[in-house]
Visitor: 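Here it is, the structure in full.
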Amino acid sequence: MGFFSNTKINIIKKVPDGIVIAVTGAKAALKCEITSTDAQEIDTTIPMVMTLNGTPLMEMHPSYCPTCCGLLATGYGLDNAKCTELTEISDNINSGFTGVDDFIETIKTLIGLFEDGVYLIKDTKTFPVDGDGHFFWAIPDELTYYNAYTDAYYITDLMQLIELKGAFLYPTQSRDRYDDNRVKYYMNLFSSGTEKPRAIAYNALRGMSALLDGHHKACAAARLHAPLDTIVITKGHLAGDKDNFQIRFGYYLDAEYDIAVDKTSGLPSKLYKQYTEQMADVYAKKKRQPPVLYKGLPVECKFTKREWEKCYTDAVYYYPTADQFAGELACDYSAIENMSPEDIYYYVFQQEDPVYYAKILMSSFVRTNDKRTKELLMKFARHNSFSGDTKQIIAAALRGLMNFKDDETEKIFIDFVVCGDDYLADIAKDYWEDVE
């Protein structure tokens with residue numbers, strides 16, 4: 001398959017939720033560029049910019065450490081990039097979604113802006129928040145650390161690394177483009193029961209993705225307290241050892257998505273030659289050529305300020321933080337999807353770390369308003385021992401039950417006020433804090 005002037009696209013393989021393609025002869029108009037190689041840059045980060053047609057969309061400082069968070073700052077905004085290709089496809093993007101294969105045809109001019117390489121184009125869900133408790137368009141404009149901006153999130157309780165899969169969003173459009181009528185249009189469309197049009201995001205930010213199209217769709221999702229259906233595009237990178245290396249799309253090897261670099265993989269000869277030469281140079285310990293540094297426009301913010309309505313600032317309650325999402329991915333709640341609250345209760349205590357599992361589970365249930373929430377929290381709160389780690393489970397259950405104002409729940413809190421345990425009694429007293 002080939003289109004967009006000299007751009008050629010080869011479908012490498014299809015995956016359940018997307019497709020892997022190889023792109024050659026593209027314009028390289030959308031890329032990440034290093035701005036400095038100075039060793040004294042702050043906190044061992046790599047100073048970079050994401051540019052479109054030479055215009056800085058954002059400043060990015062990824063960390064050298066794969067488990068450490070990096071910094072991001074807003075840039076000029078898409079309007080200043082004067083990208084006619086994005087404008088041309090906007091109507092087609094909103095005409096309805098029939099599958100990733102057809103969507104590639106829809107965004108072919110966008111693909112023509114990429115650098116040569118291998119890309120995973122995935123139909124997935126993202127959150128219109130930054131992973132740190134902020135609405136995605138209400139983030140600071142200056143360089144700021146983001147917990148989701150990391151290759152793999154380290155969960156201390158489990159001593160485990162989790163990839164966040166680009167699930168959190170970062171804006172590329174100035175706030176003065178906000179149009180409430182456009183948001184309401186998408187809210188109605190999303191609630192109509194028809195197939196939802198997708199947003200488009202570029203995952204060059206590890207656990208976060210740069211939103212290229214769909215800022216108003218993200219606003220609509222936030223007001224509906226729903227995840228955002230998004231086409232997330234990820235450029236693959238070389239990884240592995242001398243005799244077995246791959247194009248990977250994440251921190252870990254994932255056979256379902258990743259591509260072996262060999263003559264049977266279907267890679268275009270140009271890319272196969274490029275990748276094999278790169279790996280040969282690494283193992284030959286050849287001196288690397290210094291990177292070509294960005295020398296374009298001054299890296300600064302052109303976003304306008306805006307006070308966001310309460311419907312947006314309060315919407316963050318319905319989405320996980322980076323820490324919570326990592327925990328939910330690590331715990332893998334697929335096994336309890338159809339369990340009753342009683343079965344879940346006993347299942348939790350069979351886990352290697354029942355305290356962590358229970359706390360993350362209860363937080364997820366409360367946030368997503370699972371119909372089993374109250375009954376499950378009641379069971380945890382009535383656990384027959386206040387000793388050791390189980391007290392933390394009871395405390396988490398009580399905090400979750402504060403969302404329920406009824407006689408049955410109030411009785412639980414009255415019992416804990418007089419239970420004889422000062423820690424749990426102090427938590428229980430907060431139940432009446434908002435009652436006049």
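Position 1 is the first residue of the sequence, and the numbers go up from there. Basis for what follows: all heavy atoms, side chains included, without hydrogens, waters or symmetry-related copies.
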Visitor: Indicate yes or no: does Glu309 engage Arg223 in a salt bridge with an N to O separation below 4.0 Å.
Guide: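 No.
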
Visitor: Short question: side chain of Asp430, backbone of Glu433 - any donor-acceptor pair under 3.5 Å?
Guide: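 No; judged by distance alone, with no hydrogens or angles, the pair does not exist.
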
Visitor: Measure the shortest side-chain to side-chain distance between Pro66 and Thr150 over non-hydrogen atoms and say whether it is less than 4.5 angstrom.
Guide: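 No. Closest side-chain heavy atoms not under 4.5 Å.
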
Visitor: I'd like to check the ring pair (Phe, Tyr, Trp, His ring centres under 6.0 Å) partners of Tyr257; sequence neighbours left out, ordered by chain and number.
Guide: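 Applying ring pair (Phe, Tyr, Trp, His ring centres under 6.0 Å) to Tyr257 gives none.
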
Visitor: Thinking salt bridges, do Asp101 and Lys14 make one under a 4.0 Å N-O criterion?
Guide: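 Salt bridge present between Asp101 and Lys14.
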
Visitor: Does the ring center of Tyr146 lie less than 6.0 Å from the ring center of Tyr170?
Guide: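 Yes, the ring centres sit under 6.0 Å apart.
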
Visitor: Tell me every residue that passes ring pair (Phe, Tyr, Trp, His ring centres under 6.0 Å) with His225, counting only those two or more places apart in sequence or in another chain.
Guide: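 For His225 the ring pair (Phe, Tyr, Trp, His ring centres under 6.0 Å) partners, ignoring immediate neighbours, are Tyr318.
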
Visitor: Any pair with a residue in residues 340-350 that passes side-chain hydrogen bond (donor to acceptor under 3.5 Å, both in side chains), sequence neighbours left out, goes on the list, sorted by first then second residue, please.
Guide: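 For residues 340-350, and leaving out neighbouring residues, the side-chain hydrogen bond (donor to acceptor under 3.5 Å, both in side chains) pairs sorted by first residue read Ser340-Asp343, Tyr345-His383.
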
Visitor: Taking everything shown except Lys184 itself, do over 12 heavy atoms lie less than 6.0 Å from its NZ?
Guide: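 Counting neighbours around NZ of Lys184, 12 or fewer heavy atoms of other residues, nucleotides or ligands fall under 6.0 Å, so no.
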
Visitor: Can the ring centres of Tyr333 and Phe365 be said to be less than 6.0 Å apart?
Guide: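 Distance test on ring centres: not under 6.0 Å, no.
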
Visitor: Quick one, Asn203 and Ile233 - any side-chain contact, counting heavy atoms below 4.5 Å?
Guide: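 Result no, sub-4.5 Å side-chain heavy-atom pair not found.
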
Visitor: What pair of heavy atoms forms the shortest contact from Lys196 to Asp229, and how long is it?
Guide: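 Between these two residues, the closest heavy atoms are CD-OD2, 3.1 Å.
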
Visitor: Residues in salt bridge (Lys or Arg N to Asp or Glu O under 4.0 Å) with Arg198, at least two apart?
Guide: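 By the salt bridge (Lys or Arg N to Asp or Glu O under 4.0 Å) rule, Arg198 matches Asp123, Glu195.
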
Visitor: Taking Thr106 for the side chain and Ile104 for the main chain, is one N or O donor matched with an acceptor at less than 3.5 Å?
Guide: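 No; judged by distance alone, with no hydrogens or angles, the pair does not exist.
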
Visitor: Give the minimum heavy-atom separation between Leu398 and Phe413, together with the two atoms involved.
Guide: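 Distance-wise, the nearest heavy atoms are O-CZ, 3.2 Å.
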
Visitor: Are Thr321 and Asp323 close enough, and set up right, to give a side chain to side chain donor-acceptor pair (under 3.5 Å), and what steps lead you there?
Guide: CA-CA 5 Å; Thr321 62; Asp323 181 68; 5.0 Å; no

Visitor: Roughly how far apart are Thr7 OG1 and Phe114 CZ, rounded to 0.5 Å?
Guide: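 Between atom OG1 of Thr7 and atom CZ of Phe114 there are 10.0 Å.
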
Visitor: Restricting to salt bridge (Lys or Arg N to Asp or Glu O under 4.0 Å), what partner residues turn up for Asp176, sequence neighbours left out?
Guide: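 In terms of salt bridge (Lys or Arg N to Asp or Glu O under 4.0 Å), with neighbours along the sequence ignored, Asp176 is linked to no residue.
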
Visitor: Measuring from atom CG of Leu212 to atom CG of Leu110, what distance do you get when rounded to the nearest 0.5 angstrom?
Guide: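 Here the interatomic distance stands at 6.5 Å.
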
Visitor: Rounded to the nearest 0.5 Å, how far does CG of Asp151 lie from NE2 of His237?
Guide: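 If we round to the nearest 0.5 Å, His237:NE2 and Asp151:CG are 7.5 Å apart.
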
Visitor: Would you give the length of the straight line joining atom CG of Leu164 to atom OG1 of Thr126, rounded to the nearest 0.5 angstrom?
Guide: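 Nearest 0.5 Å value for the CG-OG1 distance: 13.0 Å.
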
Visitor: Can Tyr178 and Tyr312 be counted as having a side-chain donor-acceptor contact under 3.5 angstrom?
Guide: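 Distance-only check passes for Tyr178 and Tyr312.
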
Visitor: Can a donor-acceptor pair be found, under 3.5 Å and without considering hydrogens, that links the side chain of Ser364 to the backbone of Ile360?
Guide: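 No: the side chain of Ser364 does not pair with the backbone of Ile360.
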
Visitor: Contact between Thr194 and Leu189 at the side-chain level, heavy atoms closer than 4.5 Å - yes or no?
Guide: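 Yes; the side chains approach each other to less than 4.5 Å.
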
Visitor: When the side chains of residues 52-60 are checked against the rest of the protein, which donor-acceptor pairs come out under 3.5 Å, sequence neighbours left out?
Guide:
from  : atom 1 : to    : atom 2 : distance (Å)
Asn53 : ND2    : Ala81 : O      : 3.3
Glu59 : OE2    : His61 : NE2    : 3.0

Visitor: Check for a donor-acceptor pair, side chain of Asp102 on one end and backbone N or O of Gly99 on the other, with a separation under 3.5 Å.
Guide: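 No, Asp102 side chain to Gly99 backbone: no donor-acceptor pair under 3.5 Å.
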
Visitor: For residues Ile247 and Ile12, determine if any side-chain heavy atom of one lies less than 4.5 Å from a side-chain heavy atom of the other.
Guide: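 They are not in contact (no side-chain heavy atoms under 4.5 Å apart), so the answer is no.
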
Visitor: State whether Glu115 and Lys27 are salt-bridged, where the test is any N-O pair (Lys NZ or Arg NE/NH1/NH2 against Asp/Glu carboxylate O) under 4.0 Å.
Guide: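 Salt bridge absent between Glu115 and Lys27.
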
Visitor: Ignoring hydrogens and angles, tell me if any N or O in the side chain of Arg372 forms a donor-acceptor pair with the backbone of Pro341 under 3.5 Å.
Guide: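 No, Arg372 side chain to Pro341 backbone: no donor-acceptor pair under 3.5 Å.
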
Visitor: Asp116 and Ala26: which non-hydrogen atoms are nearest, and at how many Å?
Guide: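 Taking Asp116 first and Ala26 second, the nearest heavy atoms are OD1-N, 3.1 Å.
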
Visitor: Tell me, which pairs form a salt bridge (charged side-chain N to carboxylate O under 4.0 Å, His left out) where one or both residues lie in residues 66-83, sequence neighbours left out?
Guide: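 Matches after skipping sequence neighbours: Asp79-Arg177.
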
Visitor: Mind checking salt bridge (Lys or Arg N to Asp or Glu O under 4.0 Å) for Arg248 and listing every partner two or more places apart, or none if nothing turns up?
Guide: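 By the salt bridge (Lys or Arg N to Asp or Glu O under 4.0 Å) rule, Arg248 matches no residue at all.
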
Visitor: Out of the candidates Asp130, Leu72, Val129, only one should pair with Ile139 under the side chain to side chain contact (heavy atoms under 4.5 Å, CB included) rule; please name it.
Guide: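 Option passing the side chain to side chain contact (heavy atoms under 4.5 Å, CB included) with Ile139: Asp130.
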
Visitor: Can you tell me how far OH of Tyr149 sits from OG of Ser63, rounded to the nearest 0.5 angstrom?
Guide: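 Here the rounded value is 9.5 Å.
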
Visitor: Starting at CD1 of Ile231, measure out to OG of Ser209 and round the result to the nearest 0.5 Å.
Guide: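 Result: 12.0 Å between the selected atoms.
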
Visitor: Tell me if a side-chain donor or acceptor on Tyr294 pairs with a main-chain N or O of Leu297 at a distance below 3.5 Å.
Guide: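 It does hold such a pair.
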
Visitor: Would you please name every residue forming a side-chain contact (heavy atoms from CB on, under 4.5 Å) with Met378, sequence neighbours left out?
Guide: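 By the side-chain contact (heavy atoms from CB on, under 4.5 Å) rule, Met378 matches Lys374, Arg382, Leu401, Glu408, Thr409, Ile412.
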
Visitor: Would Lys165 count as a cation-pi partner of Phe325, with NZ or CZ less than 6.0 Å from the six-membered ring centre and within 45° of the ring normal?
Guide: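 No, Lys165 does not lie over the aromatic ring of Phe325.
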
Visitor: I need the minimum non-hydrogen distance between Cys219 and Val183, along with the two atoms involved.
Guide: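 Cys219 and Val183 have their closest heavy atoms at CB-CG2, 3.7 Å.
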
Visitor: What I'd like to find out is whether the side chain of Val261 reaches to under 4.5 Å of the side chain of Leu267, using heavy atoms alone.
Guide: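 Yes - at least one pair of side-chain heavy atoms lies under 4.5 Å apart.
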
Visitor: Could you tell me whether the side chains of Trp432 and Glu410 share a donor-acceptor contact shorter than 3.5 Å?
Guide: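 Trp432 vs Glu410: donor-acceptor pair found between side chains.
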
Visitor: Test your reading of the model: is there a side-chain donor-acceptor pair from Thr172 to the backbone of Leu78, 3.5 Å cut-off?
Guide: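 Looks like no, no N/O pair under 3.5 Å.
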
Visitor: Take atom CD of Glu307 as the centre, draw a 6.0 Å sphere, and report whether it contains more than 12 heavy atoms from other residues, nucleotides or ligands.
Guide: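 No - once you tally the heavy atoms of other residues, nucleotides and ligands closer than 6.0 Å, there are 12 at most.
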
Visitor: Do the charged groups of Lys108 and Glu105 touch, with an N to O distance under 4.0 Å?
Guide: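 Salt bridge flag = yes for Glu105 with Lys108.
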
Visitor: Does some side-chain heavy atom of Phe249 sit less than 4.5 Å from a side-chain heavy atom of Val20?
Guide: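 In short, these two side chains touch, coming nearer than 4.5 Å.
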
Visitor: Would you mind telling me which of Tyr186, Phe135, Phe136 makes a ring-ring contact (aromatic ring centres under 6.0 Å, His included) with His215?
Guide: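 Per the ring-ring contact (aromatic ring centres under 6.0 Å, His included) rule, the option paired with His215 is Phe136, out of Tyr186, Phe135, Phe136.
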
Visitor: Within the structure provided, determine whether Met362 and Thr373 are in side-chain contact (heavy-atom separation under 4.5 Å).
Guide: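 Heavy-atom side-chain distance check fails, nothing below 4.5 Å.
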
Visitor: Taking salt bridge (Lys or Arg N to Asp or Glu O under 4.0 Å) as the definition, give me every residue that meets it alongside Asp389, ordered by chain and number, with sequence neighbours left out.
Guide: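 With sequence neighbours excluded, Asp389 shows a salt bridge (Lys or Arg N to Asp or Glu O under 4.0 Å) to no residue whatsoever.
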
Visitor: Under the 3.5 angstrom rule, does the side chain of Gln173 hit a backbone N or O of Gly77 as a donor-acceptor pair?
Guide: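 Not at all, since once roles are kept as given, no pair shorter than 3.5 Å links the two residues.
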
Visitor: Tell me the closest heavy-atom pair linking Pro227 and Ala221, and the distance in Å.
Guide: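 Closest approach of Pro227 to Ala221, heavy atoms only: O-CB, 4.1 Å.
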
Visitor: Without swapping roles, check the side chain of Lys405 against the backbone of Tyr431 for a donor-acceptor pair under 3.5 Å.
Guide: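 Pair found, side chain donor or acceptor close to backbone of Tyr431.
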
Visitor: Report the residues that fulfil ring pair (Phe, Tyr, Trp, His ring centres under 6.0 Å) with Phe416, sequence neighbours left out, ordered by chain and then residue number.
Guide: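 Counting only residues at least two positions away or on another chain, Phe416 forms a ring pair (Phe, Tyr, Trp, His ring centres under 6.0 Å) with Phe386.
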
Visitor: If you compare all heavy atoms of Gly75 against all heavy atoms of Phe303, which two are closest, and at what distance to 0.1 Å?
Guide: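 That would be O-CD1, 3.4 Å.
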
Visitor: Does any part of the side chain of Met48, heavy atoms only, come nearer than 4.5 Å to the side chain of Pro62, both counted from C-beta?
Guide: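 Sidechains of Met48 and Pro62: in contact.
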
Visitor: According to side-chain hydrogen bond (donor to acceptor under 3.5 Å, both in side chains), who are the partners of Glu300, at least two apart in sequence or on a separate chain?
Guide: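 Checked Glu300 against side-chain hydrogen bond (donor to acceptor under 3.5 Å, both in side chains); matches are Lys302.
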
